[in-house]
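Notes follow once the structure below has been shown.
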Number of protein chains: 2
Amino acid sequence: MTDRAGRRRDSGDRDSARREGARRGNAHRESDRRDLGAMVHPVLRLLIAVELPILAAHEVSMWGYSVLTALDDGPVRTQATLAEAIGADKTRIIGTLDELQAAGLISRTPDPNDRRARLLEITDEGRRVRRAARAEIRAAEERLLSALTPAERTTFVRALEKLSVLTPDDLPDVRDLP
Amino acid sequence: MTDRAGRRRDSGDRDSARREGARRGNAHRESDRRDLGAMVHPVLRLLIAVELPILAAHEVSMWGYSVLTALDDGPVRTQATLAEAIGADKTRIIGTLDELQAAGLISRTPDPNDRRARLLEITDEGRRVRRAARAEIRAAEERLLSALTPAERTTFVRALEKLSVLTPDDLPDVRDLP
DNA sequence: TATTGTTATACTCTATAACTATA
DNA sequence: TATAGTTATAGAGTATAACAATA
């Protein structure tokens with residue numbers, strides 16, 4: 001807190017220099033980057049903005065599409081399992097499952113062995129809708145990824161795959177970092 | 001729509017092969033990846049889970065931290081400008097600004113030339129809080145990024161910087177893609 | 001009349017707990 | 001009693017429109 005005015009002016013100059021560098025497209029130290037959250041959040045918002053109209057055209061919600069995607073990998077025996085697989089809550093996906101079932105995109109049959117559980121399966125029509133939607137979503141994603149060089153794109157997707165499967169438990173302690 | 005059963009079985013086999021390949025850590029075609037949204041969403045959720053406790057310890061909300069970050073780059077003349085800069089709405093940040101001002105982290109002074117506008121500035125204390133919080137957030141981000149190789153990490157951050165500044169208007173038409 | 005900030009309202013999501021039906 | 005699914009309720013977050021002050 002001592003020498004405040006001086007330090008503040010220094011920092012201001014550094015920030016200005018960083019902004020200038022960014023504006024002119026110069027290389028800059030990675031520590032001058034924005035926070036990851038401040039970059040990931042707008043990317044997700046852009047993805048949602050681009051993909052929601054596509055899903056709407058296929059008459060499925062974001063969660064509905066997520067369910068169809070999960071079930072296209074194979075049936076699931078309980079709704080709670082499915083919910084956890086897509087990062088949702090068992091109470092939250094009920095409305096989604098109701099809609100998907102009413103639209104004939106999934107089937108929900110009580111397990112004969114344990115009639116509390118509901119065997120969840122995608123229908124042929126559900127598979128068709130999911131894959132048609134996915135094709136358009138992939139095309140939309142190409143529009144985003146075209147901002148990257150081919151090498152950047154490959155590495156970006158690979159890195160994203162690694163990061164997306166991490167849980168808080170997977171993170172190392174700060175003291176174990178090099 | 002013709003030959004549905006046959007194609008469906010083929011696709012199922014391909015999906016199984018992809019899951020097997022992924023499980024064994026084999027290289028796989030990029031087209032076999034999950035949707036970007038399905039990967040970006042969990043990453044953002046993980047970032048929020050890791051960073052919210054840090055911000056709470058410094059007694060600022062996520063939007064409060066976002067405001068402090070924006071103002072640490074320089075003062076802003078109107079609240080609407082600030083709101084747009086952080087991707088929010090002018091009505092949405094009012095409560096946040098009230099809190100930050102009450103905590104002495106920002107100042108909100110009517111512009112003498114146009115007394116409708118409020119000149120927004122970060123205070124010394126606000127700068128201190130913001131930078132202390134950022135230091136911890138950066139440390140937390142290191143824990144995430146340590147899942148990547150140094151080369152992956154550099155390219156990932158660079159790609160994220162590019163993608164995070166895109167707006168829907170920046171996206172090329174599908175027909176203009178190579 | 002247009003703009004800045006504010007308030008009010010409704011709407012969507014989400015989280016939690018209570019309930020039913022099966023086991 | 002424990003579990004799977006469902007429903008009910010309240011809370012947070014957001015969007016929209018209406019409003020007061022100033023230009």
Side-chain angles (χ1 to χ4, degrees), chain A residues 37 41-42 44-49 51-53 55-56 59-67 70-71 75-102 106-121 168, chain B residues 37 41-42 44-49 51-53 55-56 59-67 70-71 75-102 106-121 168:
Chain A
H41 188 216
L44 183 62
R45 192 156 44 185
L46 179 59
L47 281 167
I48 291 174
E51 295 179 2
L52 262 190
L55 295 176
E59 295 182 301
V60 290
S61 67
M62 196 75 84
W63 284 116
Y65 178 70
S66 180
V67 166
L71 292 182
V76 172
R77 209 186 66 85
T78 75
Q79 296 183 179
T81 306
L82 173 65
E84 200 197 344
I86 64 176
D89 182 279
K90 67 169 179 169
T91 68
R92 249 165 57 192
I93 63 168
I94 291 180
T96 302
L97 296 179
D98 290 345
E99 289 171 11
L100 291 174
Q101 187 177 22
I106 67 169
S107 68
R108 198 155 43 154
T109 55
D111 182 342
N113 301 330
D114 182 349
R115 295 187 29 242
R116 293 174 301 183
R118 305 263 178 281
L119 182 68
L120 301 168
E121 277 181 297
Chain B
H41 189 216
L44 182 62
R45 194 156 41 186
L46 179 61
L47 281 167
I48 291 174
E51 297 180 1
L52 261 191
L55 296 176
E59 295 183 300
V60 288
S61 67
M62 196 74 86
W63 284 115
Y65 178 71
S66 180
V67 165
L71 291 183
V76 172
R77 210 186 65 86
T78 75
Q79 298 183 178
T81 306
L82 174 65
E84 199 197 344
I86 64 176
D89 183 278
K90 66 169 181 170
T91 68
R92 250 166 56 192
I93 63 168
I94 290 179
T96 301
L97 297 178
D98 290 345
E99 289 171 10
L100 292 173
Q101 187 177 21
I106 66 168
S107 67
R108 201 158 36 156
T109 53
D111 181 342
N113 300 330
D114 181 348
R115 295 184 32 239
R116 292 173 302 181
R118 306 262 179 280
L119 182 68
L120 301 168
E121 276 181 298

Name all residues meeting the side-chain contact (heavy atoms from CB on, under 4.5 Å) criterion together with [X]; count only those two or more places apart in sequence or in a different chain, and write none if there are none.
X       : value
E59(B)  : none
R92(A)  : W63(A), A88(A), D89(A)
Q101(A) : I106(A), R108(A)

**OP:** For dA12(D), take OP1 and OP2 only and decide whether either is under 4.0 Å from a side-chain N or O of W63(B).
**Re:**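 For W63(B), the contact criterion (side-chain N or O under 4.0 Å from OP1 or OP2 of dA12(D)) is not met.
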
Subject >> Nucleotide interval of DNA chain C bounded by contacts with chain A (heavy-atom cut-off, under 4.0 Å) >> reply: dT14(C) to dA23(C)

Subject >> side-chain hydrogen bond (donor to acceptor under 3.5 Å, both in side chains) partners for R45(A), two or more places apart >> reply: none

Subject >> Residues in side-chain hydrogen bond (donor to acceptor under 3.5 Å, both in side chains) contact with T78(B), at least two apart in sequence or another chain >> reply: T81(B)

Original post:
Can you list the steps and then say if E121(B) with L71(B) is a side-chain contact (heavy atoms from CB on, under 4.5 Å)?
Top reply: CA-CA 6 Å; E121(B) 276 181 298; L71(B) 291 183; over 6 Å; no

Taking [atom1] from [X] and [atom2] from [N], how many angstroms apart are they, rounded to a whole number?
X       : N      : atom1 : atom2 : value
L119(A) : dA4(D) : CG    : P     : 15 Å
R118(A) : dA4(D) : CZ    : C1'   : 8 Å
R108(A) : dA4(D) : CZ    : P     : 16 Å

**OP:** Starting from the 5' end of DNA chain D, give me the residue, D98(A) or A117(A), whose nearest nucleotide shows up first.
**Re:**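 Here A117(A) is the residue nearer the 5' end.
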
Original post:
Just by protein heavy atoms under 4.0 Å, how would nucleotides 16-23 of chain D read 5' to 3' in B, S and -?
Top reply: BB---BBS

Original post:
Quick one: does L46(B)'s side chain get under 4.5 Å of P168(A)'s, heavy atoms only?
Top reply: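 L46(B) reaches P168(A) side chain to side chain.
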
Please output the side-chain donor-acceptor pairs of residues 113-120 of chain B that fall under 3.5 Å, not counting sequence neighbours, one pair per line with the distance.
unit_1, atom_1, unit_2, atom_2, d
D114(B), OD1, R116(B), N, 3.1
D114(B), OD1, R116(B), NE, 3.1
D114(B), OD2, R116(B), NH2, 3.0
R118(B), NH1, R115(B), O, 3.4

